[in-house]
Structure formats: structure tokens, C-alpha cells
Amino acid sequence: MARTVAPVYDPQLIEPKWRAAWKQAGLFRVSEESTKPKFYNLVMFPYPSGPLHMGHFRNYVIGDALARYKVMRGFNVLNPFGWDAFGLPAENAAIKSGIPPRVSIEGNIAISKHELDIMGVLYAWDREVTTCNDDYYRWTQWLFLKFVEWGLAYKHKAAVNWCPKDNTVLANEQIVNGVCWRCGTKPTKKELEQWFFKITAYAQRLLDDLSKLDRWPERVKVMQANWIGRSEGAELDFAVEGDRQLKVFTTRPDTVFGATFMVIAPEHELVSRIVTAEQRAGVDAYIERTKAETEIERLSTEHEKTGVFTGAYALNPFSNERVPIWVADYVLATYGTGAIMGVPAHDARDFEFATKYRLPIRPVIGTPGEPVARTLTAAVESHDGVLTNSGPYDGLAVNQAIDQITAEAERRGIGKRTITFRLRDWLISRQRYWGVPIPVIYCPDHGIVPVPQDQLPVRLPEQVEFRSDGQNPLLHTPAFVNTTCPQCGKPARRETDTMDTFVDSSWYFLRYTSPHYEQGPFDKAIADFWMPVDQYIGGIEHAILHLLYSRFFMKALFDAKMVSVDEPFAALFSQGMIQRNGAVMAKSKGNGIAPDDMVARYGADTARVYELFIGPPEFDAEWNDRGVDGVARFLNRVWRLTVGEEDDATATTGAGVTREALTRKLHETIEKVTHDVDAFRFNTAVSALMELTNLMQDYIQGGGARDEAWERVCGDLARLLAPFAPHLAEELWARTGGASLCAFSPWPEAAADQLQRSVVTVVVQVDGRLRDRIELPAGIGEAEARARALQSANVARALDGRPVTRAVFVVDRLINLVTR
RNA sequence: GCGGCUGUGGUGAAAUCGGUAAACACGCCAGGUUCAGGGCCUGGUGAGCGCAAGCUCUUGGAGGUUCAAGUCCUCUCAGCCGCACCA
């Protein structure tokens with residue numbers, strides 16, 4: 001037999017040639033003209049901060065395997081890639097090293113592309129999107145101006161989170177565990193005028209539509225729901241001396257008769273107006289102290305409640321009781337109305353506060369027939385029970401009382417039913433250089449003036465001086481700052497803040513559909529063709545930030561009729577992280593494994609298959625160098641059995657695998673692998689292929705012939721391997737005479753008639769305990785199975801002469817003889 | 001505290017509909033190899049008892065439902081992750 005390939009498996013020899021073949025054939029070149037069903041496959045695009053390691057590659061290998069599989073299943077697969085290239089790391093590197101951000105970004109992109117390439121991970125590179133290029137960010141600016149037009153972007157002075165290290169403000173979502181998500185510094189509060197996106201306008205829809213996302217992980221949906229944080233309740237007005245009103249929000253209006261004090265946030269505008277002369281000094285000191293505390297103490301785990309009396313009193317509109325008003329920082333200015341009624345008997349926080357400051361604790365919910373406890377040891381927050389000490393409402397159940405008291409408040413005009421969300425508007429201004437310039441101009445006469453669309457993009461100057469004080473270089477670039485008002489032509493000043501990079505990534509998946517379109521951010525018809533993304537794959541760390549922002553963008557664009565679906569991602573898969581030596585693989589931890597090293601030592605296919613075999617893809621997994629060896633052995637075995645030199649040492653071991661058994665195993669494997677890939681269970685798909693290969697080896701060693709049946713098995717094995725070990729699959733496919741490229745071949749199908757067995761192993765139980773296994777013709781009836789089971793010596797011994805009272809029979813599986 | 005997830009051999013893990021627990025792989029043990037090797041091949045490998053046939057136990061723990069439970073129900077323990085003074 002003429003050999004055109006190396007006798008031993010040498011990935012270095014075969015892999016480059018197949019990569020070239022796929023590129024030439026245009027594996028993921030797609031068009032909107034195809035009659036095949038579309039499949040938009042998307043992996044989260046990376047920030048090009050440096051070389052990739054095998055931890056990153058889990059995401060790309062899963063995405064690549066799925067894309068290749070879908071091509072073979074006959075889909076028109078859009079499989080694009082790009083770079084989330086604006087952001088702080090490149091800017092910080094520039095400050096340190098003087099290398100301009102664009103230079104370092106482009107260098108990192110080149111490295112990453114090389115790494116993806118040698119791993120056999122392919123994309124529709126003709127649709128590559130880079131967020132820091134002006135043909136992309138001009139449309140980010142265009143969308144910003146649309147948001148202004150739609151009333152979804154506004155400038156507002158507010159106390160915002162400021163990261164002193166990164167010298168910029170942060171969105172609420174970017175405070176993780178109380179610190180800056182990027183650098184770990186505790187943020188401070190600053191009063192600044194900033195740009196916001198009005199994501200709160202979509203709070204209810206963002207929450208409601210989570211129920212439409214039936215192919216998203218439950219945990220991500222729960223995290224988003226918690227973040228949106230919807231609470232139903234009531235606003236109640238308490239009268240304050242001097243004709244003022246104190247509005248509170250409560251989810252428990254039924255406990256209004258138990259309100260023994262009021263608490264307002266230190267930042268509440270009413271504080272300075274109601275505080276009495278004798279209390280003013282103490283209140284001012286407290287407010288000063290809490291401001292300092294936000295930086296230092298508020299984040300400590302043991303955060304004891306503190307507060308101070310204002311000297312003022314409020315009137316409970318239901319009980320007409322006069323209750324003291326306190327200031328305390330456990331009430332947040334940014335949630336609800338920034339004030340609460342203190343009901344210590346039925347709220348744990350109020351209980352703690354009341355206990356500390358010796359305020360009265362009065363239970364107003366009790367159990368019928370039981371006396372109300374005189375002293376409570378903890379707040380009773382349950383909704384079980386009926387009202388007591390509550391005047392005309394005594395005896396009502398909690399939920400009834402909530403309805404009736406709220407209705408009464410509405411009737412009297414002193415309150416209303418209301419819904420409050422935890423979600424805050426998205427602060428998008430950043431006082432940093434390497435980002436999309438916010439396209440507005442400040443004119444002394446006309447105020448905030450949007451840059452006209454035909455003047456976009458507002459280009460980010462790339463010849464700037466980086467400053468050691470961390471200040472935005474744009475502030476010191478007169479050519480950028482100084483401009484003229486688009487309305488009156490007089491000298492004006494440009495906005496020097498740039499946008500949060502999460503704005504860039506909130507619409508990139510739309511740009512991929514028509515990346516070179518010049519009349520808008522994307523061509524609606526083409527976006528309608530591809531959207532929504534059919535499968536999105538990425539890390540769990542984006543559960544809230546990126547995924548919530550993108551959903552918001554999509555809904556805003558939907559309302560503007562720019563897109564036809566209002567959810568961007570139909571299915572989401574969050575893969576687990578790869579750990580090594582007990583820590584998540586990361587450049588900073590020094591435990592990363594470079595793809596170049598893996599490819600040089602084992603070849604790309606081994607690296608890919610190991611990433612898939614390492615464990616269930618949704619869980620974290622520990623990298624095991626020995627495990628890689630095991631996968632390498634597997635691929636070597638495939639090679640030796642199918643492509644390599646025929647093993648002349650066909651030592652017959654009497655394994656005795658028949659041609660029928662081999663064929664049946666093939667069809668079982670086709671069924672299993674297909675099912676597993678559809679269910680994202682790549683680890684068991686790989687193990688099924690190992691089983692098939694092990695059986696093929698037994699077949700050959702048992703003297704099995706390399707006939708047409710064998711060839712059929714080899715050809716199908718090549719196609720089953722193609723999504724995982726694509727290079728080896730192509731070699732095997734070529735060797736078995738396959739037409740075209742394996743990557744374009746149709747996925748094999750299991751034939752039902754080939755799956756049938758003529759003889760099956762049936763388990764025999766006596767009283768539910770396994771006693772024997774017997775070989776029976778498939779499809780045999782209960783009576784005959786029972787007769788055969790009774791012939792077993794083991795069964796007879798287990799029965800020990802007792803009569804069988806009944807039998808449970810599962811065809812082709814088991815028969816259970818019951819004596820009780 | 002609230003919410004979500006996970007507990008199965010020495011290790012990573014399988015078990016798709018309540019029907020053979022531990023597939024596949026790592027590791028380990030033994031043997032073989034025209035074996036330099038961390039290569040390749042064969043066999044063994046949950047625990048206990050037993051010469052063996054076989055028996056008993058075993059999916060974090062305790063109960064329960066069932067002919068039959070890793071899988072269903074109740075309670076409980078441990079770990080991981082997210083949110084965390086959100087009224």
C-alpha cells in the first residue's frame with residue numbers, strides 16, 4: 001500500500017497543512033443567501049491584554065467545536081470574532097512604558113490571532129470587529145446620540161463611585177465586593193456631573209423577559225433578577241412639624257402601627273431642614289463621620305448600626321402617634337425614598353437599631369389565640385399571623401392588611417402602592433483617555449450640544465502625552481478640547497470623558513452581522529437575518545455586567561424599530577474556569593500554560609480534546625498534565641489503528657469482536673456523540689469515542705478484517721472526531737478516501753436497524769437484589785424470561801425454596817422475582 | 001442573613017425515563033515487549049469476608065415512598081459561588 005503520510009502520529013507534520021486547507025476553502029465564510037438554516041455561534045470577544053493561555057482556550061475550543069459540528073449538521077454558521085480593545089490596561093501600560101495603547105493592542109491582537117490559528121480555532125475573519133477602530137466607535141458614538149435623542153442618556157450631578165487609583169468613576173455594577181472590579185481599590189464618593197444611561201426605564205422588562213430565556217443558566221437569571229431587585233410595597237407620607245412631609249417606602253405597610261421611630265439617610269435633603277437647634281451640632285458631626293466612613297469602615301463585615309436623633313418628630317398617619325426622627329447611615333439615600341419607618345418588632349435591622357438606642361419595640365403581628373410576647377429577642381419578619389395593636393385592622397391577616405392599609409392611604413391621599421427597584425441607572429462617563437469620546441460639545445450659550453451625525457466620528461487623538469498624575473491626557477490636548485459650537489460657531493469645549501468600555505461590548509454582536517456597513521451601525525435586514533445569537537458562550541464573570549447591558553441595548557434598539565428581536569442571546573452557556581495548582585489559571589499567578597508549548601509538545605488536537613475531556617464544561621476543572629498524556633495516547637491509538645502503518649504484530653488475543661458488534665458500537669457512538677454535543681457534554685462525547693476506539697483495537701487484535709465495514713467505521717470515526725480533533729480527522733478522512741474536506745462532510749447518522757441487538761443481557765433480581773445476569777434473545781416475553789431466570793443456580797439459592805409471589809419485568813433489561 | 005449550585009473510588013468523573021453504581025481517563029499493581037525511554041500491549045484495581053463459588057456493605061448523614069432509589073419526598077450536615085443594612 002502506498003503511503004503518503006508519516007508512519008507515526010506527528011501533529012507537527014499534519015496540522016499546518018489542514019489549517020491552510022480550511023482557510024482556502026473558507027470554512028466559516030458565510031452569506032445571507034444560503035438556504036440552510038442559520039446558526040449564529042458566538043464566543044465572548046476578549047480584551048487583547050497579552051498572550052492567551054489554556055484557561056482562555058476552553059471558551060474558544062468549545063465554541064469552535066460547536067461551530068464545526070453545526071456546519072456538518074447542515075447549518076449556515078456565522079462564527080465571528082473580534083476585540084474589546086478600549087480600556088484601562090492598555091492606557092496604564094502606556095503611562096508606565098510609553099508605548100501607545102494602539103501599538104500594544106495591535107501587538108497583542110497579532111499574538112492572539114497566531115495562538116488561535118495554531119490551535120485550529122477558526123473564525124469568519126472577514127467580519128473581525130475591533131472596538132477601538134474608528135469605523136466601529138463612530139457607530140458607538142452614533143448610538144450614544146440616539147440614546148440622547150430617545151431620552152435614554154442624560155447628564156446628571158450625583159454622588160458617584162470614584163476609584164482613586166484608576167482616577168475614574170465606576171458604575172454600580174463595577175463595584176464588586178465593595179471594591180473596584182478592576183484594581184481592587186475601595187471607591188470613594190464624589191459629587192460629579194456625569195453621563196448616565198437610563199437602564200432603570202427597562203427594569204421591569206429586563207426582569208420579566210428573563211422568563212423567556214429558557215436556554216440560559218438558572219444561576220445567571222437569578223443573579224440578574226437579584227440585581228434588578230424588584231420590591232412591591234407602598235409609599236406612606238408622615239407629617240413632620242412645620243408642614244413638611246416625610247415619605248417612606250415600605251414593603252410592610254401592615255406594620256405601620258408598629259412604627260416607633262423614623263430613620264432618614266444622612267444625605268437626605270430634609271435633614272438640614274428639620275434638625276432642631278440643640279441637635280444640629282451632633283447631627284452635623286454624624287454626617288461628617290459617615291462620609292469618612294464610606295471609605296474606611298462601612299465595608300467591614302461587622303458593621304454596627306449608628307445614628308443620631310434630629311430632635312424632630314413625625315406624625316404616624318394611621319395611629320396619630322408622635323415618633324422621633326433619627327438619622328442613620330443604614331438607610332440608603334439611593335434606595336426607595338431615602339427614609340424608612342422603623343418597625344423594630346418586625347424588621348431585624350430596625351430591631352438592632354432600637355435595641356441599641358433604647359427605642360420602643362411594639363409587636364403588631366401575632367398568632368391568634370396566643371398572647372403577644374412582652375419582650376422580643378428578635379424581630380418577627382414572617383408573613384404568618386394576624387394584626388394586633390393596630391386599631392381597626394386588628395385580626396386581619398398580613399396580606400389582607402397590606403392591601404387594606406395601602407388602599408386607605410390612597411383614599412386619604414397620604415400614600416400609594418409602588419414598586420421599587422434596586423437597579424440604578426448606568427453611569428457611563430469615564431475620566432480616562434483610551435475609550436470612545438463622548439460626542440458632545442459644551443457651548444457657553446447653548447449648553448450641551450450633541451455633535452451632529454455627519455461630523456462623526458469624534459476621533460480620539462492618538463498623539464497625546466501620558467501623565468504620571470493619572471489625569472486624562474485629553475484635558476491637556478487643546479487641539480481636541482477646543483472646538484466650536486455646532487449651533488452658533490462660537491468657541492466651545494469638547495467633552496473629555498470617554499465611555500465605559502461596556503458600552504462598546506453592548507452591541508458588537510450586531511456589528512458582526514454587517515461589519516463594513518457605512519450607513520449605520522448595522523444593516524437592519526442583515527441583523528434581522530442573523531439575530532438573535534443562537535448560542536453565546538462565555539465566562540460567568542459577565543453574568544450581570546455585560547449580559548445585562550447588552551439586553552438593555554437590544555430592548556432600546558427594538559423599541560426604536562432598529563432590530564426585530566428584543567433579546568440578543570437565545571441561549572447562553574457559561575463555561576467553568578481552568579485551575580492549576582489550586583488556583584485559576586492566570587498570567588498573574590504564573591500557572592498558565594501557553595498554547596505554543598502545548599502545540600509544540602502534543603499538537604493542537606491533543607490540547608483541544610483535553611480541554612473538552614477535562615470535565616463537565618460548566619464546572620471549574622483542575623488541569624492535570626497526566627490527563628493530557630492520556631488524551632495524547634488516545635489520539636495516537638486512533639492514528640495507529642486507522643492511518644498509520646498496519647500493525648504487523650496482530651497478536652490474536654481472542655478478544656473476538658465480531659463485525660456486527662463493531663458496527664453496532666459505531667452506531668451507538670454516533671447516537672451518543674450527537675446527543676452529547678447537542679447537550680454540551682463534550683467530556684462524555686470524547687469518552688464515547690475512546691470506547692469506540694478501544695473496541696476497534698479489540699477487533700483488530702482479535703483478527704478482524706480491514707474490510708468495507710472497517711472502512712465505514714474509520715470514515716465515520718473521522719467525522720465524529722472532526723469537531724474536536726479536526727486535523728487528525730482530516731488526515732483520517734483523506735486516508736479513507738473521503739471526498740472534499742471532512743469539515744464540510746455531513747455528520748453521520750445512526751441507523752436504527754444497526755442499533756438492534758439479537759441477544760441482550762438481562763439482570764435477574766430476587767426481592768430487588770441482583771442475583772444473576774442471563775443472556776436472552778432480544779424482545780423475549782415475561783413468561784419465558786421468568787422460566788429462564790428460574791433455571792439459574794444463583795437464583796435458586798437466593799429463593800431458598802420460597803415461592804415467587806409476583807415478578808416485575810422490564811423487557812430487555814431485568815426481571816425481579818418477588819417472594820414477599 | 002437571602003438566593004443559587006455541588007457532595008459518588010486514591011484522583012477527574014459516568015450513570016439520557018426510578019431498572020446492572022463507578023463507563024471513560026488519570027494513578028497504582030503485575031506481566032509482556034526486536035523495551036534507551038515518561039513508548040506500546042495484556043491483565044488487575046470501591047471496601048470487607050472467603051481457597052473458591054459467592055456473600056455483605058457502599059453515591060455527605062438520618063428517615064420515608066417503591067418490587068427496585070445516586071436519581072423521587074421530608075429533615076439535616078458540609079463546601080463553593082453570587083448578593084449583601086435594598087426597608
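Quick note on labels: first sequence line is chain A, next is B, and so on, each numbered from 1. The structure displayed is predicted, hence computed values, not measured ones.
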For nucleotides 28-38 of chain B, which of its nitrogen or oxygen atoms have a protein nitrogen or oxygen under 3.5 Å away, and what is each distance?
from	atom 1	to	atom 2	distance (Å)
G38(B)	N2	Arg601(A)	NH2	3.0

Can you pull every protein N or O that's under 3.5 Å from an N or O on nucleotides 17-21 of chain B?
from	atom 1	to	atom 2	distance (Å)
G19(B)	O2'	Arg813(A)	NE	2.9
G19(B)	N2	Gln765(A)	OE1	3.3
U20(B)	O2	Arg773(A)	NE	3.1
U20(B)	O2	Arg773(A)	NH1	3.3
U20(B)	O2	Arg773(A)	NH2	3.2

Give Leu689(A) one of three labels, base, sugar-phosphate or nothing, depending on what nucleic acid heavy atoms sit under 4.0 Å from its own.
nothing

Would you say a side-chain N or O of Gln701(A) is under 4.0 Å from OP1 or OP2 of C41(B)?
no

Collect all protein-nucleotide pairs involving nucleotides 44-51 of chain B in which both atoms are nitrogen or oxygen and the distance is under 3.5 Å.
none

Base, sugar-phosphate alone, or nothing: which one does Gly615(A) contact when heavy atoms must sit under 4.0 Å apart?
nothing

Under-4.0 Å salt bridge between Glu668(A) and Arg757(A)
yes

Identify, with sequence neighbours excluded, every residue that meets side-chain hydrogen bond (donor to acceptor under 3.5 Å, both in side chains) alongside Arg362(A).
Glu321(A)

Taking only residues two or more places apart in sequence or in another chain, which ones pass side-chain hydrogen bond (donor to acceptor under 3.5 Å, both in side chains) with Asn316(A)?
Ser319(A)

C40(B), A87(B), U42(B): which one has an atom nearest the side-chain heavy atoms of Thr251(A)?
A87(B)

At under 4.0 Å, does any side-chain N or O of Arg771(A) touch on OP1 or OP2 of U56(B)?
yes

Would you indicate what Arg806(A) reaches in the nucleic acid, counting non-hydrogen atoms under 4.0 angstrom: base, sugar-phosphate, or nothing?
base

Could you list the residues that satisfy side-chain contact (heavy atoms from CB on, under 4.5 Å) with Thr420(A), not counting sequence neighbours?
Phe249(A), Tyr335(A)

Nearest to the side chain of Arg637(A) - G82(B), U56(B), A25(B)?
A25(B)

Applying salt bridge (charged side-chain N to carboxylate O under 4.0 Å, His left out), name anything that partners Asp772(A), two or more places apart in sequence or on another chain.
none

Taking OP1 and OP2 of A14(B), is either one under 4.0 Å from a side-chain nitrogen or oxygen of Asn683(A)?
yes

Can you identify which nucleotide, out of C83(B), A87(B), C24(B), has its nearest atom closest to the Phe613(A) side chain?
C24(B)

Mutual orientation of the aromatic rings belonging to Trp326(A) and Phe353(A) [parallel < 30°, tilted 30-60°, perpendicular > 60°]
perpendicular

Under the side-chain hydrogen bond (donor to acceptor under 3.5 Å, both in side chains) test, residues paired with Arg252(A) that sit two or more places apart
Asp254(A)

Heavy-atom contacts under 4.0 Å between residues 673-682 of chain A and RNA chain B, which residues?
His675(A), Arg681(A)

Hits for ring-ring contact (aromatic ring centres under 6.0 Å, His included) against Tyr610(A), two or more places apart or cross-chain, chain-then-number order -> Trp623(A)

Sticking with atom P, work out how far A47(B) lies from U59(B), rounded to a whole angstrom.
15 Å

Look at all strands and tell whether Asp350(A) reaches a base, only sugar-phosphate, or nothing, counting heavy atoms closer than 4.0 Å.
nothing

If the P atom of G82(B) is compared with that of C24(B), how far apart are they to the nearest Å?
36 Å

Reckon Gln224(A) has a side-chain N or O less than 4.0 Å from the OP1 or OP2 of C83(B)?
no

Applying side-chain hydrogen bond (donor to acceptor under 3.5 Å, both in side chains) to Lys356(A) and not counting sequence neighbours gives Glu304(A)

Under a 4.0 Å N-O cut-off, is there an ion pair linking Arg601(A) with Asp597(A)?
no

Check every strand shown and say whether Glu691(A) touches a base, only sugar-phosphate, or nothing at a heavy-atom separation below 4.0 Å.
sugar-phosphate

Watson-Crick and G-U pairing of RNA chain B, under 3.5 Å, as dot-bracket with | and [ ]
(((((((..(((......[....)))(((((((.....)))))))((((....))))..(((((..]....))))))))))))....

When you check the phosphate oxygens OP1 and OP2 of A23(B), does a side-chain N or O of Asn694(A) lie under 4.0 Å from one of them?
no

